[in-house]
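Reviewing the structure listed below.
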Amino acid sequence: MSELEITQNTLKNWLDEKRPVYILDVRPQEEREDWFIPDSHHIDAYSDLKQGNGSKINQADLPKDKPIVTVCGKGGTSLTAAEILGKKGFEAYSLQGGMKDWNFAWNTAELTLKNSDTQIIQVRRSAKGCLSYIVGSRGEAMVVDAALNPDVYEKIADRNNWNITYVTDTHIHADYLSRTRELARVTGAKHILIEEAETDFDFISVKHNQILNFGSTQIRILHTPGHTPESTSFLVDNTVLLTGDTLFTDGVGRPDLKADKAEAREKADKLFESLQLIQSLPGETIILPAHISRPVPFDQKMIQSTLSELKSYLELLQLSKDEFIETTLKRIPEPPENYLIIAGLNKKGVWDGNQPADLEAGANRCAVA
């Protein structure tokens, strides 16, 4: 590692600590548009830097009162940029591994429920907008949609004096490799999934409307198919709904993955019915999704909305069934990269020999806005 390089963990810590830093993205514009580090600045200098030409960097008005961290896709071109800036007297570093490594950077936000001992910690993979949750109370916790290595969740649980007793996924993910099975193995937690889930590994099945209790927390299981056949939402203390990829704060789940046109239409029909079920809950219900379609800043603010707020501004929630199906199918974005491989590995429950950094790179595309 060069003395001009810092790891994603170092940059993550700087951002967590609110340390002044200027992040300079030197990738091509089209790569920048796909995913980026929040609050970073951009100069499309990639082609010049590949040729050893630092003219665009040299002409930029950059601060000298804070470190500059240069970023590219894999960390090579950004190192050239850092070297050029260093020769001009800037305190400059290159992000080792670039966005490929930044893919694993994470931060948290917390929500304590009113009139309850239950606390919810939102664990956010900043680059991909993936959101997982630790729901805990009175020494016990449940992890939903583990998207990072098990030690992340273990350390958070330890800090809160929680023992992880349950782990689960809201669905078989197609844009990242689930770490839930591995988390169950290292913690001894019970691995639960809705009984409709089809996997190549064993799990403890739960049913629609089944109640799960741990600590002082009560969770009601809601089968909400549409994005996938097994999609599940979790109602926490009748106050908060973990909606997975069924309902986001900026859209709804896409019904087309691993489906032909007829199947996508059928899944859209089921998604509409699932959203009707969700909308039957009280308007003050807090919605916590499994994704957001933009990078997550290190601001410690929960990504959330209330059900009544979503009803007021999400057009898709205001349509009839026929209108919803037609509109949803027309607005489907490009599929996530490697989604068939990732979904297949998650169904198997093992991904030995596959590198998460290679498979998971890039933004998530699970929402229809």
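Sequential numbering from 1 along the given sequence is applied to the chain's residues.
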Option from K100, K128, R179 for which salt bridge (Lys or Arg N to Asp or Glu O under 4.0 Å) with E360 holds: R179

Evaluation steps, salt bridge (charged side-chain N to carboxylate O under 4.0 Å, His left out), between D299 and R124: CA-CA 11 Å; D299 58 4; R124 301 100 74 87; 3.2 Å; yes

With no hydrogens and no angle check, is any side-chain donor or acceptor of Y176 less than 3.5 Å from a backbone partner on P356? no

Less than 4.0 angstrom from a charged side-chain N to a carboxylate O is my criterion; do R138 and D117 meet it? yes

Closest approach of S94 to G75 (non-hydrogen atoms, all atoms of both residues): OG-O, 3.6 Å

Ion pair check, K270 and E273, cut-off under 4.0 Å: no

Quick one: does E5's side chain have a donor or acceptor within less than 3.5 Å of a partner on S2's backbone? yes

Once you measure the plane-to-plane angle for F201 and H191, does it fall in the parallel (<30°), tilted (30-60°) or perpendicular (>60°) bin? parallel

Looking at R159 and E154, is there a salt bridge between them, counting it only when a charged N and a carboxylate O are closer than 4.0 Å? no

Between K66 and E91, is there a side-chain N and carboxylate O pair less than 4.0 Å apart? no

Check: L307 main-chain N/O paired with T285 side-chain donor or acceptor under 3.5 Å: no

Would you call D151 and K155 a salt bridge, taking side-chain N to carboxylate O under 4.0 Å as the test? yes

Would K12 and F298 count as a cation-pi pair here, with the cationic atom under 6.0 angstrom from the ring centre and within 45° of the axis? no

For W106, does the six-membered ring have the charged nitrogen or CZ of R125 within the cation-pi criterion, i.e. under 6.0 angstrom from the centroid and within 45° of the normal? no

State yes or no: are the ring centers of Y22 and H41 separated by less than 6.0 Å? yes

Ion pair present between D256 and K267, side-chain N to carboxylate O less than 4.0 angstrom? no

For L113, does its backbone N or O pair with a side-chain atom of S116 as donor and acceptor, under 3.5 Å? no

Knowing that exactly one of N346, I341, V350 qualifies, which makes a side chain to side chain contact (heavy atoms under 4.5 Å, CB included) with L177? N346

Please determine whether residues L111 and L235 belong to a single hydrophobic cluster, defined as Ile, Leu, Val, Met, Phe, Trp and Tyr linked transitively by side-chain heavy-atom distances below 4.5 Å. no

Closest non-hydrogen atom pair, I68 against P63: CD1-O, 3.6 Å

L288 and V296: same hydrophobic cluster, using ILVMFWY side-chain contacts below 4.5 Å? yes

